[in-house]
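Some notes on the structure that comes next.
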Amino acid sequence: MSKQQPTQFINPETPGYVGFANLPNQVHRKSVKKGFEFTLMVVGESGLGKSTLINSLFLTDLYPERIIPGAAEKIERTVQIEASTVEIEERGVKLRLTVVDTPGYGDAINCRDCFKTIISYIDEQFERYLHDESGLNRRHIIDNRVHCCFYFLSPFGHGLKPLDVAFMKAIHNKVNIVPVIAKADTLTLKERERLKKRILDEIEEHNIKIYHLPDAESDEDEDFKEQTRLLKASIPFSVVGSNQLIEAKGKKVRGRLYPWGVVEVENPEHNDFLKLRTMLITHMQDLQEVTQDLHYENFRSERLKRGGRKVESEDMNKDQILLEKEAELRRMQEMIARMQAQMQMQMQGGDGDSGALGHHV
Amino acid sequence: MSKGFPETRTDAAMSELVPEPRPKPAVPMKPVSINSNLLGYIGIDTIIEQMRKKTMKTGFDFNIMVVGQSGLGKSTLVNTLFKSQVSRKASSWNREEKIPKTVEIKAIGHVIEEGGVKMKLTVIDTPGFGDQINNENCWEPIEKYINEQYEKFLKEEVNIARKKRIPDTRVHCCLYFISPTGHSLRPLDLEFMKHLSKVVNIIPVIAKADTMTLEEKSEFKQRVRKELEVNGIEFYPQKEFDEDLEDKTENDKIRQESMPFAVVGSDKEYQVNGKRVLGRKTPWGIIEVENLNHCEFALLRDFVIRTHLQDLKEVTHNIHYETYRAKRLNDNGGLPPGEGLLGSVLPPVPATPCPTAE
């Protein structure tokens, strides 16, 4: 603060400039060096283009040796969890991206137990983080918690299916859900609008909590505000994925070639792919924060309330306590009755048996 | 004198060596002899004309069932096939319908006329199929419905005083809609087709085929065909019912190359190259439903309506219905249902064997 400080820390225009406004830059530099971690889960029926979309989003091939099982094999299969990690670097910024895939979801004839595996995976990651956080060596905690879940909705239906509703309600308190309408090139624009509206209505009707983009701060610039507004208005995003380069209008674009035209993946008039990518990138930090501040904290408080006991459910606990309390009450009432009887005997007897009052129940 | 036209013979003399031109006979011409204009051509071939007139007068029944998950475009496709609003969705413009909790069977009948021929078309829809979380045995209501129609027909047939023309409510054709995932069939598809291909003619159809590019489409079709074969599912036209070589070659081509048909349905018209066509308009182009380069709707329509309509009915009557009937009679101890119980009351399905009068 004194003028003897080296000149680089004094801004000659504003005396009294301390310099901690530089802090965000330092944080930024440190984070860039450390790199970012992000875990994305994709859930949806087979054949909705999940893998293609992930490959398109991150311009990579996450599934090089993929074998698609036939229907007869699918009958026997249960839901699997497959996590693949890839390190992406762009302009010096490192991202360690983990994509958690859930093959087998929605395939079986009876999908009642479809989501148990998925929910236990999410809980396991929370459990592990809680354990690490409470441990002695907290320097290198690896964050494998699921920060975001892309839930793929079929474009063929008229809205949400019973399975969609049941699954989203089961995990909306554990993870940020981003609903995505897959294979959007099946729909005309009118059909798309109708489907989006229908889905939003049904989400509200069933009280499903999906991830809400935070509103732009009032001090952000107009462009950013406008962009956020557009993004919010397009949820759920209807996307098309592809990594094939097609020749269209003289240039090479990523798209799908049909006899009646070319669907361009990165054309905002054709689908919402760019919006989805923008949302994911600009809100990666926010998704992590909500996971930490909301979902993880929920999990943590529930877990700590239960303590070390391996109790199945809260309700059973309460019932047990109630029963125990009732039993105790009865015991006390019996004890009081006995003591009263003894007192009466004493008063009647005259020469009390000193032992009568002395003995314990 | 005519100017180069063939001379019409107005003179009475008829040469014995050069017979008059006569209508092309169905049987080869017999050698001409005196008084020959009555021999050689019998007129058997006119029976075709007689049958045609009869059919036109009486009209015919056709019952088509559509099965598949909700949203695969079943109703739209049926409307497109028959170029009229014949499906369940047409009767109530209510696209906000909820998915029913169990499989329902809804049959809607219409009379369509074309070229003097009347067709009583019944479309049987199955909302709720495959839409629940637990879809076990969801094909059972459908199987039950099909067997009930056979039972109805059997009862009429067995009556002492039979109706002249038994109303035919049996399901002649079942279009099964496969979801265009691009991967393979779903376990539910396999189970349904395994159970039902034995009681009804199933025609598998790939719905909403505008989801797939040409390569994806042909790969998917190949994979589906292979899966159906590996699992022993006989869809229509079944190999074992090909009657002769001509049928076999024609049907083989359909079975091995065209089926399952990858279709797109639409009831909206757009202007393309100066013509009004049925199609779907997207920001990247217009998908023409009847254009063979875009989808195989025209093939399906020709197959079901223009070439194999009668055969579908025949296979249903001669094979599926007969199988059902034989089973029922066997259960009844070899007697037609109705006998053994004073002939008036039919035993419930499946019947307990009745004591035969010795």
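Lettering of chains follows the sequences in order, A, B, ..., and the numbering in each one begins at 1. These numbers come from a predicted model, not from an experiment.
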Greatest number of heavy atom pairs closer than 4.5 Å to chain A - which of [options]:
options: B:G130, B:A209, B:P180; value: B:P180
options: B:T282, B:I133, B:V230; value: B:I133
options: B:Q132, B:K217, B:E216; value: B:E216
options: B:I286, B:N135, B:T211; value: B:T211

Flag if over 12 foreign heavy atoms under 6.0 Å of [atom1], [X]:
X: B:E229; atom1: CD; result: no
X: B:K226; atom1: NZ; result: no
X: A:K169; atom1: NZ; result: yes
X: A:Q244; atom1: CD; result: no

On a heavy-atom basis, which atom in B:H183 and which in A:G47 lie closest, and how many Å separate them?
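Here B:H183 and A:G47 meet closest at CE1-N, 3.5 Å.
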Please report the shortest heavy-atom distance between A:P259 and B:H294, naming the atom on each side.
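Looking at all heavy atoms of both residues, the closest pair is CB-CD2, 3.8 Å.
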Measure the shortest side-chain to side-chain distance between B:W284 and A:N267 over non-hydrogen atoms and say whether it is less than 4.5 angstrom.
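Heavy-atom side-chain distance check fails, nothing below 4.5 Å.
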Any side-chain to backbone donor/acceptor pair from [X] onto [Y]? Under 3.5 Å, distance only.
X: B:R186; Y: A:I109; result: no
X: A:K183; Y: B:T181; result: yes
X: A:Y258; Y: B:L214; result: no

Which answer fits A:E264, side chain, backbone, both or neither, if we ask what part of it has an atom under 4.5 Å from a heavy atom of chain B?
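For A:E264, there is no contact with chain B at all, as no heavy atom is under 4.5 Å.
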Checking A:L48 against chain B: side chain, backbone, both or neither under 4.5 Å from a heavy atom?
neither
With rounding to the nearest 0.5 Å, note down the distance linking [atom1] in [X] to [atom2] in [Y].
X: B:N134; Y: A:L163; atom1: CG; atom2: CG; result: 11.0 Å
X: A:K190; Y: B:R280; atom1: NZ; atom2: CZ; result: 11.5 Å
X: A:D185; Y: B:I287; atom1: CG; atom2: CD1; result: 8.5 Å
X: A:S154; Y: B:L72; atom1: OG; atom2: CG; result: 7.5 Å

Quick check on [X] against chain A: is it the side chain, the backbone, both or neither that has a heavy atom closer than 4.5 Å?
X: B:E288; result: neither
X: B:L185; result: both
X: B:E227; result: side chain
X: B:D210; result: both

Would you mind telling me which of A:E45, A:E269, A:E191 has the largest number of heavy-atom pairs within less than 4.5 Å of chain B?
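Highest number of pairs under 4.5 Å: A:E191.
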Comparing A:H270, A:R112, A:K161 against chain B, the one with the most heavy-atom pairs below 4.5 Å turns out to be A:H270
